[in-house]
Amino acid sequence: MFAASIMDNLLTAPVIAFLVALIATLFRFDVRLPESLYPIISTFLLLAIGLKGGRALAAASLADLWKPLIVSIILGIVTPLIAFTLFRFAGRLSVINASALAAHYGSVSAVTFTVLLTTLEAREITYEGYMTGLLAILEIIGIVVALFLARGATEGSDWKSALSEVVRGKSIALLGIGIVIGYVVGPTRLAPTDPVFVGLFAGALTLFLIELGVIAAERLRDIKSAGPVVVLLGILVPLTNGFLGALGGAAVGLSTGGVAVMAVLAGSASYIAAPAAVRIALPQASPGLYVTASLGITFPFNLTVGIPLYIAMAQALT
Amino acid sequence: MFAASIMDNLLTAPVIAFLVALIATLFRFDVRLPESLYPIISTFLLLAIGLKGGRALAAASLADLWKPLIVSIILGIVTPLIAFTLFRFAGRLSVINASALAAHYGSVSAVTFTVLLTTLEAREITYEGYMTGLLAILEIIGIVVALFLARGATEGSDWKSALSEVVRGKSIALLGIGIVIGYVVGPTRLAPTDPVFVGLFAGALTLFLIELGVIAAERLRDIKSAGPVVVLLGILVPLTNGFLGALGGAAVGLSTGGVAVMAVLAGSASYIAAPAAVRIALPQASPGLYVTASLGITFPFNLTVGIPLYIAMAQALT
Amino acid sequence: MFAASIMDNLLTAPVIAFLVALIATLFRFDVRLPESLYPIISTFLLLAIGLKGGRALAAASLADLWKPLIVSIILGIVTPLIAFTLFRFAGRLSVINASALAAHYGSVSAVTFTVLLTTLEAREITYEGYMTGLLAILEIIGIVVALFLARGATEGSDWKSALSEVVRGKSIALLGIGIVIGYVVGPTRLAPTDPVFVGLFAGALTLFLIELGVIAAERLRDIKSAGPVVVLLGILVPLTNGFLGALGGAAVGLSTGGVAVMAVLAGSASYIAAPAAVRIALPQASPGLYVTASLGITFPFNLTVGIPLYIAMAQALT
Amino acid sequence: MNTVPLQLVTIISESVVEQKLIADIKACGAKGYSVGHVHGEGVTGKHALDLNGPSIRLETVVTEKVAQAILDMLSAKYFNKYATIAWMTPAQVTRPDRF
Amino acid sequence: MNTVPLQLVTIISESVVEQKLIADIKACGAKGYSVGHVHGEGVTGKHALDLNGPSIRLETVVTEKVAQAILDMLSAKYFNKYATIAWMTPAQVTRPDRF
Amino acid sequence: MNTVPLQLVTIISESVVEQKLIADIKACGAKGYSVGHVHGEGVTGKHALDLNGPSIRLETVVTEKVAQAILDMLSAKYFNKYATIAWMTPAQVTRPDRF
Ligand SMILES: Nc1ncnc2c1ncn2[C@@H]1O[C@H](COP(=O)(O)O)[C@@H](O)[C@H]1O
Ligand SMILES: Nc1ncnc2c1ncn2[C@@H]1O[C@H](COP(=O)(O)O)[C@@H](O)[C@H]1O
Ligand SMILES: Nc1ncnc2c1ncn2[C@@H]1O[C@H](COP(=O)(O)O)[C@@H](O)[C@H]1O
Ligand code: NA
Ligand code: NA
Ligand code: NA
């Protein structure tokens, strides 16, 4: 039955698009999307996720919200610490590199998150709508905590300005205004924009994953140089964090779908907001390490095995 | 009740998107859309508006059309003259600058126009469908009249070539072929393209207004140097022109919605076609003046206060 | 009745968009789409066609498929040979140029193909869904055969690498991964992406044809230098190949729609995949010749007269 | 391979003047040009709102004489009207007949 | 038309540093700049994954002194941290007061 | 900061040859390159219809010897087949080992 669940998840359009593009690239087929499409689609996805979250927050009551919110904040602090500890001591990386990785695993992969939602909807498992709102919060906290960890190892004075640059940077800012617009306008008045921000979402995500497949294929070569411990941790860290997320979600009484979402929020690693943030705040950290781990290992792992596993955890816990 | 109407209009997705992006930019958040998206969306909006207008003209009979058409032409001549007079004598601007502003206020803001339609539809006020066809006509006449005003102050020989450049330029040409395609193909055969040109419209407009919000925020700094009279006229001119438009619309017996549309056609100021036209034909005019007035003052004014006011005028007059 | 059928086909949005843009460009109106839109739309169309084909292949049984497949392969060999012979001996072109043209006429125009489908659907003529799958096969075979013809006239050693470059090149690769993704994911699980890959198709095609109209207008000047024989063959070759396609389709018992599709597959000339392939493999061939013939003559001919003719052939043969 | 010295003239201007500028440099004797897109800042400020995107960056390799003619033309018709900037760099080419 | 010799400094860097880099070259004395987009390859490999697209190509025409200051600044703050490359080309301009 | 003289080679060509051209300049000894997009006009006319957009503009900073090798390679394999143009500009760099 778990195998069936894996297949079920695997066969969605975005996941297959990712794998087919990855394999095609390895065989030297040129399936890269036009250069100008990548920023357009990522902007679109961030805004659409933000609008969805803001609209859901508008519909939620504070009574429903406060417990999951606190769990999110705790996860936002704990998950980068766990990632830091494992990469620093089990992985024997430098403080800077371990912090960089902590920023990625403390933050969230909006794409993994969305694939989970697609799977939940396909399998008719309901979840709390306001969870998308928590995504933005976790996305930011995880990065901030990780940058804080690296504070000692960097030129101190720049830390604050780096932080403010990160928060004002494109990916968090777009997510943020999406949430605000969605919250203020509300579901009814947003309806005319639904053909764009709701209707086009799955298709845009599929296109985006073609591009990510190409990039992941190019990163596969770096895996060898990253070493087997990083590969192992690229699977272990999301599993640990995902399990914690599931526990936290179950502890505050979320539905099965909600628990799975919390697991993915905790267990996924960012590869849009975090790399940009880390590049600015921790330029000495090695992108060959953190992009490879987050996009080359954890992302495909979560997409194929992780998501069904988090759903299984959620079903066991609720 | 008027306050409610203001709120009603304010809370639509495009208006909130404009305001949120404007405020975010003032607080130095980077919410600018990808560079390649701006020309794509403005091309799309112009074509979509053209198609809508052409399709509506195909459905209208000449008997319905000729009176509003004549009013449009008169407004296309009168409104830039009023703008010129006020900016030249009350605003004490040079002939060139006053003509440049006249081109903007004589022409039409397609976005303001569209936000009005969205509001009318939300409030279930019907309007004559062929009004979109009049938009293109007014858009062009207003600019031509204004350039004519400046003729004396510029190197005469270039005037005709500047005019032909303007009419053949991207924004009027795209609007134009949209109208022709829409008219020739007609509503039934256009149906397969509706998911793009109708369905995506509101969402694309919302994205466009995020970008305009960013640009408006950057222009706010210029307001100080433009001076208080320009700010005042940036509100007075659209009100005067809008009122004339409403009178004209009522005089030829348009519906309440149609009168409001005529008011917005007259009262709005262009910031796509006109700046490009003025830049070519009147390069000595100051963009810091006309873009600031039209996009920085009149556009937000119309979006927030103007539209409900024009609707109120229309309701009083019909 | 045939005249009515021509009008019927002519008045679809994509065809009128092509003609209006062509005429507007001749009158020096600037209706060119933003530079970044062309690669985006062609990428989208190739992927969408691939997905449609792959999904249809997934639904078809091998028992239905094998006969049309063999006919496609035969057409893929015969049609470039016919084109080569006519252009080489009736048109008196060099081996290189005749081979270049053979690659175009042996390959397929995905846009002509799609306009036919739109027309068939509008006239409620059914066709075998898996035909889109054959498109990719024919697209490739025709090019390969044509390059093979030119083998003697080019530096031999490069031939194989040129071929592999062509097959791995963007247009065939995108079509290919579209087919694979569509086939693996299947119709049901593709549904969430339908608003993008199905819903936006007709609108995107219309935009694409505006751009092709502009390019065709720019190519019209080259027609004079190409000479009247090339113009004549630009009509004769598609008619001959289209007729062969119709015969082949009828021979294996396809439906009326299916026979018309087979005629268009054989009778249309490529102007996305083939020019890129020929540019790489046969750089000495003259683009002024092959782009003019395929895009400037055959494409408008097929769009206006060819498609109704192929449908009439199909109706006569079934 | 023998190379010949020419001048590379680079012009940044508003995208709205693209067609006009191309006609003007051809009139000065340029036989070819390439146009890309940039955004930037100068004395007239940041970003120009335009349907074609921010600014154009045109470059043309020409003879010394044509380069001077282009600079003169820019001074007369562009510098005081449009946000325009230009510079000239020495460039070596093969096939000098092409320029 | 009289021209004056200046330096054109071209910098290729990661798009993530665009704002920071602009501030830094202004601090060195640059009065204007233009930014375009490129992708490429160098010793640190191919392509950088970033929301703003691949890489930026910034060019600024400045005096010899400012050019030196920019190169020094790049050495201190960019070369060892970001995939950055820079070169300097002699450039002739009219209107030297603008640079 | 000490700078070292090198050559900046700029090549405009059809986007369809991008991969081939990159391989060829690497074979000549180029250690890095940057590619942008332009449209333009030359003796072979305007605009090339291609899935990747109009034309590519590749620039590479190399030693004098590599620059000559690239120009020779272009003459042999590109100039007579593709709409290609190239020029060479003197460039100063720091960190000469990178090029
Ligand atoms: N010193 C400079 N170096 C490079 N580009 C410049 C420079 N100054 C201005 N520009 C470009 O030229 C445009 C117009 O400049 P300006 O006319 O000074 O506003 C700017 O938007 C920049 O793209
Ligand atoms: N003199 C020139 N200066 C700059 N770019 C040029 C020049 N001549 C040609 N080009 C560019 O090179 C491309 C091919 O030129 P051609 O092979 O002459 O058709 C053109 O499309 C232009 O983008
Ligand atoms: N020799 C070169 N010529 C032109 N551009 C280069 C060169 N080397 C590197 N680049 C550009 O600079 C970026 C960063 O280079 P690197 O720091 O060497 O990885 C590359 O992605 C290229 O776009
Ligand atoms: Na996480
Ligand atoms: Na007006
Ligand atoms: Na064919």
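First the proteins, then the strands, lettered A, B, ... as listed; each starts at 1. Model, not experiment: these values are computed from the prediction.
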Please examine the side chains of [Y] and [X], heavy atoms only from C-beta on, and report whether any two atoms are closer than 4.5 Å.
X	Y	result
B:Phe29	A:Leu174	no
A:Ile40	B:Ile40	yes
B:Ile210	A:Ile177	yes

Max heavy-atom pair count under 4.5 Å with chain B, selected residue of A:Leu200, A:Ile181, A:Leu37, A:Val180: A:Ile181
Among A:Leu51, A:Leu190, A:Val184, A:Ile172, residue most engaged with chain B (heavy-atom pairs, under 4.5 Å):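 Looking at each of A:Leu51, A:Leu190, A:Val184, A:Ile172 in turn, A:Val184 comes out on top.
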Heavy-atom contact with chain A under 4.5 Å, split by part of [X]:
X	result
B:Phe201	neither
B:Ala204	backbone
B:Ala24	side chain

A:Leu47 portion near chain B, given a 4.5 angstrom heavy-atom threshold: side chain
Geometric donor-acceptor pairs, no angle filter, chain B-chain A, under 3.5 Å:
unit_1  : atom_1 : unit_2   : atom_2 : d
B:Asp8  : O      : A:Arg189 : NH1    : 3.3
B:Phe27 : O      : A:Arg168 : NE     : 2.9
B:Asp30 : N      : A:Arg168 : O      : 2.9
B:Arg32 : O      : A:Lys170 : NZ     : 3.4

Residue pair A:Pro39 / B:Pro34: nearest heavy atoms and the distance that separates them: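 Here A:Pro39 and B:Pro34 meet closest at O-CG, 3.4 Å.
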All side-chain contact (heavy atoms from CB on, under 4.5 Å) counterparts of A:Ile179, not counting sequence neighbours: A:Leu57, A:Ala136
